[in-house]
Amino acid sequence: MTTTTSTSPPVRAGSGPWQLARAELRRRTSVKLSLVVVAFFALLTVAAPLIGSLGGWGPEEFDKSAVDPYLGGLPIGPLGGVSAEHWLGVEPVTGRDLFSRVVHGGQVSLLIAFSATAIVLVAGTAAGIAAGYFGGRTDTVLSRLMDLTMSFPSLIFMIAMMSVARDVNRTLLMTVVIGLFGWPGIARVVRGQTLSLKHREYVDAARVGGSGPLRILARDILPGVAGPVIAYTTLIIPGMIATEAALSYLGVGVRPPTPSWGQMIAESVAYYDTDPMYFLVPSLCLFLTVLAFTLLGDALRDILDPRGSGS
């Protein structure tokens, strides 16, 4: 008689939800690959000046010797001018180093996405907890504000705001505008979770014991909503990245000479048939980043908030 053994590592009795989540994430190959990609681009965001300087070119330096003026400024050499001097080739006409532009463009794109996500996380969590815990008029006002914000044509408003704003910090403005329309979704998730937690026994015990609302919210309610919030936050980051890229692609986002992935993709469309590398490099970076965060967010949602996964 033969016995079969499980290939998955045993889960120790008494393991908490976060230990179980880590154990489950370790078993998923897609999550491991996603974490590698996310860590790489996070490092890119933090150390962009250092990484970009490895190629020996700045993001705004022109290299006219790398393009052929008699062929409309197309890069000299194969694959868009890929060489020992220009690792990913150069931009047509200008000859700017594509590696340096992509690295610095990634810093701008991801910085906007992460900062906007932070605004959404703080505002949405605070509004959701307040609406769910206090109820009554507070819940009514905040819920109507969520409905109003979600029903507003956000993309049109973003385009209008970015078009009329002139002498302002474009990065800061994009961060605020994108974050302004993202908070209601997470607020609704947190509100529903708070409604199910505020009548739990340990919350009633804390209330009877004399704990004030702020103490209860910080010590009892907030840890209970942390799992769904983390899962939801990971899922909205790809949307933030795509929104920034879309606005820059439409010409109302980051302005030249400051690079961003969306702006580079917009500029490369005119050369997709004669210099496909110029189009493929920023597009591939954008695709990998969005895919990695999406896979990671799906896994976290399934583990930390299984009721919201629809399974």
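One is the number of the first residue; the rest follow in order along the sequence.
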Whether over 12 other heavy atoms sit under 6.0 Å from Tyr272 OH: no
Distance (rounded to the nearest 0.5 Å) between Trp57 CH2 and His86 NE2: 4.5 Å
Backbone N/O of Thr258 and side chain of Gln263: donor-acceptor pair under 3.5 Å: yes
Test item: side-chain donor near acceptor, Glu244 and Ser109, under 3.5 Å: yes
Shared hydrophobic cluster, Val254 / Val176 (ILVMFWY, side-chain heavy atoms < 4.5 Å): no
Pair Arg191 + Asp139, salt bridge at N-O below 4.0 Å: yes
Within-4.5 Å side-chain heavy-atom neighbours: Pro49 and Gln107: yes
Close side-chain approach of Tyr202 and Leu197, heavy atoms under 4.5 Å: yes
Thr117 side chain to Ala113 backbone, donor-acceptor under 3.5 Å: yes
Any donor-acceptor pair under 3.5 Å from Arg170 side chain to Gly253 backbone: yes
Met240-Leu235 co-clustered via ILVMFWY side chain contacts under 4.5 Å: no
Heavy-atom donor-acceptor pair, Ser154 side chain to Met150 backbone, under 3.5 Å: no
Evaluation steps, side chain to side chain contact (heavy atoms under 4.5 Å, CB included), between Ile237 and Thr294: CA-CA 8 Å; Ile237 289 177; Thr294 301; over 6 Å; no
Geometric class of the Phe152/Phe181 ring pair [parallel <30°, tilted 30-60°, perpendicular >60°]: parallel
Aromatic centroids of Phe279 and Tyr271 separated by under 6.0 Å: no
Single-linkage hydrophobic cluster, 4.5 Å side-chain cutoff, Val36 and Val31 together: no
Test item: Ser283 side-chain N/O and Leu280 main-chain N/O as donor-acceptor pair under 3.5 Å: no
Nearest-0.5 Å distance, CD1 of residue Ile236 to CG of residue Leu121: 7.5 Å
For the student: nearest non-hydrogen atoms of Leu98 and Glu91, plus distance: CD1-CG, 4.4 Å
Sidechain-backbone polar pair: Ser196 side chain, Gln193 backbone, donor-acceptor under 3.5 Å: yes
Ser151 side chain vs Leu148 backbone, donor-acceptor pair below 3.5 Å: yes
Side chain to side chain contact (heavy atoms under 4.5 Å, CB included) between Val229 and Val189, intermediate numbers included: CA-CA 8 Å; Val229 166; Val189 173; 5.9 Å; no
Side chain to side chain contact (heavy atoms under 4.5 Å, CB included) between Asp97 and Trp87, worked out: CA-CA 8 Å; Asp97 185 69; Trp87 298 346; 6.0 Å; no
Distance, nearest 0.5 Å, that separates CG of Leu111 from CE of Met174: 11.0 Å
From Leu35 atom CG to Arg28 atom CZ, the distance as rounded to the nearest 0.5 Å: 12.0 Å
Ile159 vs Leu155 side-chain heavy atoms within contact, under 4.5 Å: yes
Heavy-atom pair of closest approach, residues Leu295 and Ser34: CB-OG, 3.4 Å
Check against salt bridge (charged side-chain N to carboxylate O under 4.0 Å, His left out), Asp147 and Arg188: CA-CA 10 Å; Asp147 295 338; Arg188 283 189 166 185; 2.3 Å; yes
Closest heavy-atom pair and its distance - Leu222, Ala218: CB-O, 3.8 Å
Heavy-atom pair with the smallest gap, counting every atom of Arg207 and Lys198: NH2-O, 3.2 Å
Single-linkage hydrophobic cluster Phe287~Met264, side-chain heavy atoms < 4.5 angstrom: yes
Distance (rounded to the nearest 0.5 Å) between His104 NE2 and Trp261 CH2: 13.5 Å
Ile178 vs Leu247 side-chain heavy atoms within contact, under 4.5 Å: yes
Test item: Val102 and Cys285 side chains (from C-beta on) under 4.5 Å apart, heavy atoms: yes
Thr274 OG1 to Leu74 CG distance, which is reported to the nearest 0.5 Å: 5.0 Å
Where Val93 and Val67 come nearest, the two heavy atoms and their spacing: O-CG2, 3.8 Å
From CA spacing to verdict: side chain to side chain contact (heavy atoms under 4.5 Å, CB included), Val90, Phe99: CA-CA 8 Å; Val90 298; Phe99 173 76; over 6 Å; no
Phe293 reachable from Ile119 in the ILVMFWY side-chain graph, under 4.5 Å edges: no
Close side-chain approach of Pro75 and Tyr278, heavy atoms under 4.5 Å: no
Side-chain donor or acceptor of Ser53 paired with backbone N/O of Leu50 under 3.5 Å: yes
Heavy-atom pair with the smallest gap, counting every atom of Val82 and Leu88: CG2-C, 3.7 Å
